[in-house]
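Everything below concerns the one structure shown next.
Every chain is numbered from 1 and lettered A, B, ... according to where its sequence line falls, protein lines coming before strand lines.
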There are 2 protein chains.
Amino acid sequence: MLAPERQARILKQLQVHEAVRVADIAAALNVSEMTIRRDIESLDANGLARKIHGGATRLARLSALEPGFLLNVDKELDAKLAIAREALELVRPGMTLALTGGTTTYQLAVHLAAALEGLGHLTVVTNSLKVAELLYHQQGRADCKVIVTGGERTPSEALVGPVARAALHTLNTDICFMGVHGLDADRGLTTPNLLESETNAAFIESTRRLVVLADSSKFHVRSLATIAPLSAVDTIITDDGAAPATRELFASRVPTFTAVAVPADTTKNQTRKSS
Amino acid sequence: MLAPERQARILKQLQVHEAVRVADIAAALNVSEMTIRRDIESLDANGLARKIHGGATRLARLSALEPGFLLNVDKELDAKLAIAREALELVRPGMTLALTGGTTTYQLAVHLAAALEGLGHLTVVTNSLKVAELLYHQQGRADCKVIVTGGERTPSEALVGPVARAALHTLNTDICFMGVHGLDADRGLTTPNLLESETNAAFIESTRRLVVLADSSKFHVRSLATIAPLSAVDTIITDDGAAPATRELFASRVPTFTAVAVPADTTKNQTRKSS
DNA sequence: GTGCCTGGCGTTCGGGTGCCAGCATGTTAG
DNA sequence: CTAACATGCTGGCACCCGAACGCCAGGCAC
């Protein structure tokens, strides 16, 4: 057991558990506690973990991270799950996908990562650092190339701006999954962030087929900036929570409109934390 | 048993095991340990494996966490720390910095993040997702804009390729801090990754001043691809571990050459004012 | 409060292992 | 023959690991 190997094991443990104990690791790896302490010390010095009394703990990561992000994920989680599942049906082996930033597309990415093995080679273009991270960790296990657009970061963890736009101008994708903040019959797809609207417009220009993922709370919402008119949309995937009139209105405006059923209570896997 | 054959065997072993020992391989192949060490050294220079104390470890794999990146950080840690500290001296408020991928620049980013408050407004351009993550988490606390170049990911967590290059063509930076894999008097700055060399070359074109950060183990190392000749370098910052002849050689080739003292014993990173 | 115990930490020292520079040898090519 | 390259060997050095000891803090009894 070599030193870097041990340290890798410690970090791996820390991805699962919030903290680890020196004694536990020492026993598990069959080395002295002193050695583990030195390993932790080294990890700490490198800014990869934090040394605490009795063991080590990870730095920020999933817990402290995402102030607005995780909170938002929970909202309408079941709907987003169902939508993501439906969207996944559109993916075929060999395709080049685009995924914009946002929590809905992130859900899709999670599902995509889980299903990668059955999908052969895929290329994914994204301006979301979180999606890039997620898919990158699947690498080795599956055949998936990830391309990041670059740009500046918005509070919602997406990369935007001239750099992102320029990158998208040189890329062509088969299908683009886009999460939006609002979907209005007159004002089209909207988002509160000007730069994001511009970037998302570039996504639309670069794709053959635009799929908008929007839970039912997004209908009739107008945010600051319009990304594109409804006529640019090829497919809308939503849940069944919208009023029938609303559903019909939007269904009549786009070539394909899918409203997936969301199990009412859904005592799903791990949800249920907040009541 | 020829050299390429041995090295192939080592790589094969690494696909199965997280790490291998010099002694084991030497025994298995019935050659001297010295030969295996040289093989591993070569594999490392070509970016196919990573040399560690006692053997070799693979770069990326299913291990879920950053592979060669974190494991390697330990090596030359004190030197990298001292180098980072020195590099930080070159940063002035209002500057636009570029940081390439690599462990040395990551160390710089860690220091930079800690010192952000005193530096006023900064703009940082990077092709390293880890650096982007790190600096982004400082946001709010300090005035620092982070721009990611975009591109595809290499095993060493850097973004490279046409997208990165195109982004860099549109950006201009005051100073670029670059970590390299090798620094050779004849072959200049080198790296095992072809795409990375191309991207780093783009970094050089886009900056006013190029600062190469290289601990003393990097001198006289030739990796696969040349990024740029030594004449492109404005400043080299290294530690004091190189032979005097080496130091003089490189010092005579670049306008500014700084060898920072690395306290010999000081296993402690924290200051230690008591004497 | 004092005294004792316990658990974790850090230092220090010693043994062992691995690393490297330098030289010697063998092989191949010109 | 010389040159270049690959391999093996050796002695000195550096590093890693483990164990022992002392330090410090908290808990508990008195």
Practice task
May I have the distance from B:R37 (atom CZ) to C:dG18 (atom P), rounded to whole angstrom?
Solution key: 8 Å
Practice task
Would you mind reading off the bend of the helix from C:dG1-D:dC30 to C:dG30-D:dC1 from its two end axes, five pairs each, to 10 degrees?
Solution key: 20°
Problem - Over 12 non-hydrogen atoms of neighbours within 6.0 angstrom of CZ in B:R247 - result: yes
Problem - Backbone of B:G188 reached by a side-chain donor or acceptor of B:T226 within 3.5 Å - result: no
Practice task
Take the protein atom CG of B:D24 and the nucleotide atom C1' of C:dT17, then report the distance between them rounded to whole Å.
Solution key: 13 Å
Completion exercise
salt bridge (charged side-chain N to carboxylate O under 4.0 Å, His left out) filter on B:R21, not counting sequence neighbours, yields none
Problem - Test: B:D234 and B:R209 ion pair at under 4.0 Å - result: no
Practice task
Answer yes or no: is there a donor N or O on one side and an acceptor on the other, between the side chain of B:T173 and the main chain of B:L97, under 3.5 Å?
Solution key: no
What N/O pairs connect the protein and nucleotides 7-11 of chain D at under 3.5 Å? Give each pair on its own line.
residue	atom	partner	partner atom	Å
D:dT7	OP1	B:R6	NH1	2.9
D:dT7	OP1	B:R6	NH2	3.1
D:dT7	OP2	B:R6	NH2	3.1
D:dG8	OP2	B:S32	N	3.3
D:dG8	OP2	B:S32	OG	3.2
D:dG8	OP2	B:T35	OG1	2.2
D:dG8	N7	B:R38	NH2	2.8

Handout entry: Presence of salt bridge, A:R37 and A:E33, under 4.0 angstrom
Key = yes
Problem - Pairwise distance CG(B:L171) to OG1(B:T207) - rounded to 0.5 angstrom - result: 11.0 Å
Problem - Side-chain donor-acceptor pair present, B:S197, B:T191, cut-off under 3.5 Å - result: no
Practice task
Give A:I40 one of three labels, base, sugar-phosphate or nothing, depending on what nucleic acid heavy atoms sit under 4.0 Å from its own.
Solution key: nothing
Handout entry: Interatomic distance, B:I52 CD1 vs C:dG18 C1' [rounded to whole Å]
Key = 12 Å
Handout entry: Whole angstrom value for the distance that separates P of C:dT6 from NE2 of A:H53
Key = 16 Å
Handout entry: Spacing of A:L29 atom CG relative to D:dC16 atom P, expressed in whole Å
Key = 17 Å
Exercise for the section: Establish, with yes or no, whether the OP1 or OP2 oxygen of C:dC20 is under 4.0 angstrom from a side-chain nitrogen or oxygen of B:K51. Expected result: yes
